[in-house]
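Below: the structure, in structure tokens.
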Amino acid sequence: FLIDWINTTLKEEHIVVKSLEEDLYDGLVLHHLLENLGSLKLDVDKIALTEKKQRQKLSVILEAVAKCLQLEENQLKWSVESILTKDLLSTLHLLVAIAKHFEPNLAMPSNVQVETITIENTSRGLKTANAVEYITENKENLEAQSKDDAFDELFSRAPDKLDAVKKVFLQFVNQHVGKLGLNVKDIESQFADGVILLLLIGQLEGYFLNLRDFFLTPASTTEMV
């Protein structure tokens, strides 16, 4: 996804990236990317041939990124050294941060994670530690949390508006289950046994629920569950 995004962004400049590790470490692509996305004018040469020049170039580029993204040094998941040594994890973190800042509406795959192994050389020998690191956010969880927060705020700060919200939901429910000859008047009581909820889902998704799969008129708590 990131390779396609970079190549689409820099198409007019005839830049083609094939490998994130091999094509980004010297700062050339990052330089063009930032100029293109953020209209940033960086005071560095376009091409840096020596390692010293590449390190200087990356230092200027990453400083500009941190300033744009308003990140403190302890928040950075990359460094000049890690990008220069072709560390893929650091490169991914850097590109995701740039993409999220400059093009927040990109349909980036969510909940991407990798397992990392850290090896430390101690007096007793090599010590290893495994961990899971997230590259992109879990958008579904974030959206669900955002919705929960909105309803929590409604209950705690604006209980007087609750009836108006319930009225909107009732209209929405009846608009769909009304096609089945049903009419909901009370959300709490009529949704309690799960029947209306099942029929509503069927109507919204456009499929028929086999009546043998559930109790249309449940007579006990077990049948409701």
Give a yes or no on whether [X] and [Y] share a hydrophobic cluster (residues Ile, Leu, Val, Met, Phe, Trp, Tyr; joining criterion: side-chain heavy atoms under 4.5 Å apart).
X      : Y      : value
Phe215 : Val195 : no
Leu216 : Met224 : no
Phe208 : Leu197 : yes
Leu76  : Leu69  : yes
Leu209 : Leu211 : yes

message: Go through it in stages, so that I can follow the logic: the residues are Asp163 and Lys167, the test is side-chain contact (heavy atoms from CB on, under 4.5 Å), and I'd like the CA-CA distance, side-chain angles, deciding distance and then a yes or no.
response: CA-CA 6 Å; Asp163 285 339; Lys167 186 177 179 182; over 6 Å; no
Any sub-3.5 Å donor-acceptor pair from [X]'s side-chain atoms to [Y]'s backbone N or O?
X      : Y      : answer
Glu103 : Ala99  : no
Glu223 : Ala219 : yes
Thr91  : Asp87  : yes
Asp23  : Ser19  : yes
Ser82  : Trp78  : no
Asp193 : Pro218 : no

Report yes if some heavy atom in the side chain of [X] is under 4.5 Å from a heavy atom in the side chain of [Y]; otherwise report no.
X      : Y      : answer
Leu88  : Val114 : no
Gln203 : Gln175 : no
Leu24  : Ile83  : no
Leu199 : Phe214 : yes
Leu89  : Ile135 : yes
Leu30  : Leu95  : yes
Ile6   : Phe1   : no
Phe191 : Val184 : yes

When rounded to the nearest 0.5 angstrom, what distance separates [atom1] in [X] from [atom2] in [Y]?
X      : Y      : atom1 : atom2 : value
Gln75  : Gln70  : CD    : CD    : 10.0 Å
Ile201 : Glu205 : CD1   : CD    : 8.0 Å
His176 : Lys179 : NE2   : NZ    : 6.0 Å
Lys57  : Ser59  : NZ    : OG    : 12.5 Å
Leu62  : Leu84  : CG    : CG    : 10.0 Å
Arg55  : Thr50  : CZ    : OG1   : 10.0 Å

- request: Please step through side-chain contact (heavy atoms from CB on, under 4.5 Å) for the pair Ile61 and His31, ending with a clear verdict.
  value: CA-CA 7 Å; Ile61 289 170; His31 189 171; 4.0 Å; yes
task: Return the set of residues passing salt bridge (Lys or Arg N to Asp or Glu O under 4.0 Å) with Lys100 (not counting sequence neighbours), or none when no residue passes.
output: Glu137
field: With sequence neighbours excluded, residues passing salt bridge (Lys or Arg N to Asp or Glu O under 4.0 Å) with Lys86
entry: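 For Lys86, the residues satisfying salt bridge (Lys or Arg N to Asp or Glu O under 4.0 Å) (neighbours in sequence not counted) are Glu22.
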What is the minimum heavy-atom distance between [X] and [Y], and which atoms define it?
X      : Y      : result
Leu92  : Leu2   : CD2-CD1, 3.7 Å
Leu170 : Ile187 : CD2-CG1, 3.8 Å
Gln190 : Ile196 : O-CG1, 3.4 Å

task: Begin from the C-alpha positions of Trp5 and Ile98 and carry the test side-chain contact (heavy atoms from CB on, under 4.5 Å) through to its verdict.
output: CA-CA 11 Å; Trp5 168 65; Ile98 291 172; 4.1 Å; yes
Of His93, Lys77, Gln113, the residue whose pairing with Glu133 passes side chain to side chain donor-acceptor pair (under 3.5 Å): His93
- prompt: Who else is in the cluster with Leu126 when I, L, V, M, F, W and Y are joined by side-chain contacts under 4.5 Å?
  reply: Ile117, Ile119
query: Heavy-atom count around Glu72 CD within 6.0 Å, excluding the residue itself: above 12?
result: no
- request: Count the heavy atoms of every other residue, nucleotide or ligand shown that sit under 6.0 Å from CD of Glu115, and state whether that count exceeds 12.
  value: yes
Verdict with supporting geometry, Phe102 and Leu34, side-chain contact (heavy atoms from CB on, under 4.5 Å): CA-CA 9 Å; Phe102 290 107; Leu34 289 174; 3.9 Å; yes
